[in-house]
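Everything below concerns the one structure shown next.
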Amino acid sequence: MSPVGLCGLLFISVSVCYWVPAGCYANGKVTKVCGSMEPHHGVPGQTSPSPYRLETNTTTFSPRDRIKVILNGASYFQGFLLQARDAANQGSVYTVGTFTLTNQNTTQLLTCNKHQGSAVSHTSDVKQTEVSVIWNAPADAPGQVQFFVSVLAHYNVFWVKLPGPVIYQHGVTVHPPQSDTTPPPVEPTTTPTILPGPFTSEGCGQSKSCLLDPPGCDPKEDPHCFFLSMTTEGPDKTSVIFELSGPAEGYIAFALSWDKWMGNDDVYMCVKDGDRVSVSAAFVSGRTHPEDQSQFGLSSVSWRLADGVIQCSFSRPVKLVNQEPARYDLDHDYFLFLANGHAQYGEVWKHSHQPLISSHRKHITGPPEVLRGSRGPIILKLHGALMLLAWMLTGSVGTFIASFYKPDWPNQTLLGQKVWFQVHRGLMMLTVTLTTVAFCLPFFYRNGWSKHAGVHPYLGCCVLTLSLIQPIMAAIRPSADSHRRYIFNWGHWGIGSVTEILAVAAMFLGMRQSSLPLPQPWATNVLIGYVTWLALFRFLLLMHKHQTNLYTKRSSGSDDRTAILSDQSEHVHLGLLIKALILAALALGSSGLLMALLSAIADI
């Protein structure tokens with residue numbers, strides 16, 4: 001099997017085995033809150049009168065009747081959860097009957113309490129003003145049924161379990177509603193306060209542990225400093241104070257993780273919401289939206305939003321009990337993730353660039369230390385390094401040898417083939433191998449295709465495909481004396497030139513990927529310098545070739561044959577020396593520029 005076939009097979013296998021659907025509630029998959037009907041968005045539901053209402057087309061029903069239920073309002077809503085319950089037992093979380101959809105584009109059926117089709121929700125966050133569904137009365141329906149709905153205007157503005165109309169079954173005696181005698185558990189709450197001033201990195205490594213990006217920055221002086229500190233409280237270290245700071249573009253968050261992969265992480269977020277900041281804990285089960293946001297276990301919450309910086313601090317006990325999902329105990333070792341991104345109405349969006357991940361696990365209640373981190377995963381660093389090596393050095397040098405050095409070793413052979421051909425073929429096969437390996441690495445890291453990488457992966461696909469076509473063409477090329485040989489020569493040269501141009505374009509775009517954040521504009525300027533360097537040497541070799549041709553023509557017209565042979569011999573040796581020096585300078589210069597970029601990749 002060819003390299004591309006093997007890579008494609010592996011890509012498909014990984015995609016099928018590890019693809020994880022989006023967990024954000026914008027898709028309406030809210031079965032985990034069927035009982036409470038409350039979105040876990042880290043803020044309480046609205047207590048003001050709702051602009052939405054539920055209506056039915058009847059007040060009475062019989063078993064197996066089909067009742068139309070309509071949700072509408074005076075303003076738009078982005079999400080909802082609709083259920084029917086026994087009105088005589090308001091404490092029950094069990095649903096009654098099933099629903100039939102009238103519009104499958106905007107509504108979907110959910111399975112609550114293992115009862116398929118017993119609830120209805122939205123399918124996306126597209127704004128709506130009205131939805132209608134059909135409720136199917138079961139054969140064993142209770143005497144009175146009430147509809148309830150939770151409606152979300154936007155992420156942090158929602159109404160929970162709004163009571164709708166009650167409908168009564170014909171011929172069944174109605175009993176007074178029974179309220180639940182057991183009040184629901186109340187989460188402990190804390191009133192946030194305003195921080196008196198910005199945080200400082202003073203004391204990092206002495207009285208508190210810190211994770212800083214860039215290393216050594218001070219959040220008091222630098223608004224672009226990403227800062228996380230941890231300080232244990234009390235002689236018994238029963239709680240930890242966390243301080244978090246970063247640019248106020250939307251939110252700043254950190255996570256406790258067992259490994260360097262996103263998923264099954266304990267997350268803590270400071271989210272900008274207008275002119276205030278909400279602080280909450282959450283859990284990330286995969287590469288998804290944070291779930292189960294709440295302030296459970298957080299105390300001494302403070303925040304500050306000023307000078308282009310968002311900051312918050314809070315205290316959390318080392319151990320938390322009776323929390324679902326269970327928060328991680330702080331007396332263990334974890335990798336620390338530090339992420340930031342945009343937010344709207346208090347809803348966090350995907351982080352704007354790769355999270356900063358600590359270089360090693362940190363014992364949260366352990367001795368103070370200054371942690372180092374990286375925003376470039378090793379597998380993506382390797383991808384970038386291999387691609388740069390392939391197209392800044394081996395590919396470019398191999399192309400130059402084929403274009404300008406064919407006549408220089410006319411009679412010397414290596415393993416039965418001309419020297420220039422063996423060197424060219426070896427370098428280009430190495431280029432194809434490096435490209436193939438590098439191409440596969442991001443797919444293994446992402447477990448599929450990246451939807452946020454723009455044009456870069458498409459260019460990569462083109463570069464790999466054209467790179468694999470070249471050796472296939474070379475293997476079936478006509479003989480040197482064939483009248484069709486010129487077709488191969490032009491095709492091989494044309495595809496090679498296009499491949500090199502696309503590779504350079506892919507490198508420029510790859511330098512701006514969030515997963516490999518090379519320093520800008522420095523990295524782009526280095527690559528511009530490489531392209532200029534390559535163009536300069538191509539111009540020098542073209543000029544040398546032109547001058548050599550002119551000299552040969554002039555020498556051929558002379559009558560003094562002895563002088564001609566002597567002069568030509570000296571000229572040939574001088575020309576070979578000049579071309580050898582040019583090739584050495586090209587390789588050394590390209591290697592220097594390559595090493596500069598590889599060094600930057602290593603420092604990410």
Side-chain angles (χ1 to χ4, degrees), residues 2-5 7-8 11 383-406 420-421 423-443 449-450 453-478 482 484-513 524 526-542 545 583 586-587 589-590 593-594 597:
S2 70
V4 68
C7 182
F11 165 58
H383 163 76
L386 292 179
M387 281 297 191
L388 290 175
L389 176 61
W391 294 102
M392 286 186 67
L393 189 60
T394 62
S396 60
V397 173
T399 301
F400 266 77
I401 288 176
S403 299
F404 299 104
Y405 288 83
K406 284 183 184 181
W420 76 266
F421 178 75
V423 175
H424 167 72
R425 181 167 62 178
L427 288 174
M428 299 317 295
M429 290 305 297
L430 179 59
T431 300
V432 173
T433 302
L434 292 172
T435 301
T436 303
V437 174
F439 176 84
C440 293
L441 294 178
F443 290 105
W449 185 268
S450 175
V455 181
H456 177 72
Y458 295 97
L459 289 178
C461 290
C462 294
V463 169
L464 178 65
T465 302
L466 295 175
S467 298
L468 292 170
I469 288 175
Q470 288 288 72
I472 295 173
M473 289 181 60
I476 60 173
R477 68 187 184 277
S482 171
R484 294 191 301 271
R485 181 59 178 248
Y486 77 94
I487 299 176
F488 162 77
N489 291 339
W490 279 105
H492 195 62
W493 173 83
I495 292 177
S497 300
V498 171
T499 306
E500 194 170 13
I501 292 170
L502 292 178
V504 171
M507 287 190 289
F508 273 106
L509 294 176
M511 287 182 172
R512 297 184 176 273
Q513 294 296 311
T524 299
V526 171
L527 196 54
I528 291 174
Y530 161 74
V531 174
T532 305
W533 179 260
L534 220 60
L536 172 64
F537 277 84
R538 186 171 291 275
F539 175 76
L540 289 176
L541 287 170
L542 286 172
K545 185 176 183 180
L583 183 62
L586 170 69
S590 297
L593 294 170
L594 172 63
L597 291 177

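We use all heavy atoms of the structure for the numbers below, so side chains are in, but hydrogens, waters and symmetry mates are not. These numbers come from a predicted model, not from an experiment.
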Could you tell me whether the side chains of H492 and Q470 share a donor-acceptor contact shorter than 3.5 Å?
yes

Between F404 and W420, does the ring centre distance come in under 6.0 Å?
no

Is there a side-chain contact between S396 and L534 (heavy atoms, below 4.5 Å)?
yes

Regarding T499 and S467, do their side chains bring together a donor and an acceptor under 3.5 Å, going by distance alone?
no

Where do L541 and L586 land on the side chain to side chain contact (heavy atoms under 4.5 Å, CB included) test, with the steps shown first?
CA-CA 11 Å; L541 287 170; L586 170 69; 5.8 Å; no

What distance do L388 atom CG and L434 atom CG have between them, rounded to the nearest 0.5 Å?
11.0 Å

Contact check, side chains of F508 and T524, non-hydrogen atoms, under 4.5 Å:
yes

Counting C-beta onward and ignoring hydrogens, is there a side-chain heavy-atom pair between L527 and M392 closer than 4.5 Å?
yes

Closest heavy-atom pair, F439 versus M387, reported as atoms and distance to 0.1 Å, is N-CE, 3.9 Å

Should L468 and T435 count as side-chain neighbours, where that means a heavy-atom distance under 4.5 Å?
no

Donor-acceptor contact below 3.5 Å, side chain R477 vs main chain A474:
yes

Would you call P471 and M429 a side-chain contact if the rule is heavy atoms closer than 4.5 Å?
yes

Less than 4.5 Å apart, side chain to side chain, heavy atoms only: is that true for L386 and L441?
yes

Is it the case that the ring center of W533 lies less than 6.0 angstrom away from the ring center of F537?
yes

Okay, side chain of H383, backbone of A438: is any donor-acceptor separation there less than 3.5 Å?
yes

Apply side chain to side chain contact (heavy atoms under 4.5 Å, CB included) to the pair V397 and L393, showing each step before the final yes or no.
CA-CA 6 Å; V397 173; L393 189 60; 4.3 Å; yes

For F400 and Y405 the tightest heavy-atom approach is O-CD1, 3.5 Å

T399 versus H424, closest heavy-atom pair with distance
N-ND1, 4.5 Å

Quick one: pull up CH2 in W391 and CD in E500 and give me the separation to the nearest 0.5 Å.
7.0 Å

Considering all heavy atoms, the nearest M473-G491 contact:
CE-C, 3.8 Å

Minimal heavy-atom distance between V423 and I401, with the atoms involved, is CG1-CD1, 3.3 Å

To the nearest 0.5 Å, what is the distance between SG on C440 and CG on L464?
7.5 Å

Quick one: are Y530 and L597 in side-chain contact, heavy atoms under 4.5 Å?
no

Specify the closest pair of heavy atoms between P457 and G454, including all atoms of both residues, with the distance to one decimal.
CD-O, 3.4 Å

Within a strict 4.5 Å, meaning less than it, do heavy atoms of the R512 and H456 side chains meet?
no

Short question: side chain of S482, backbone of P478 - any donor-acceptor pair under 3.5 Å?
no

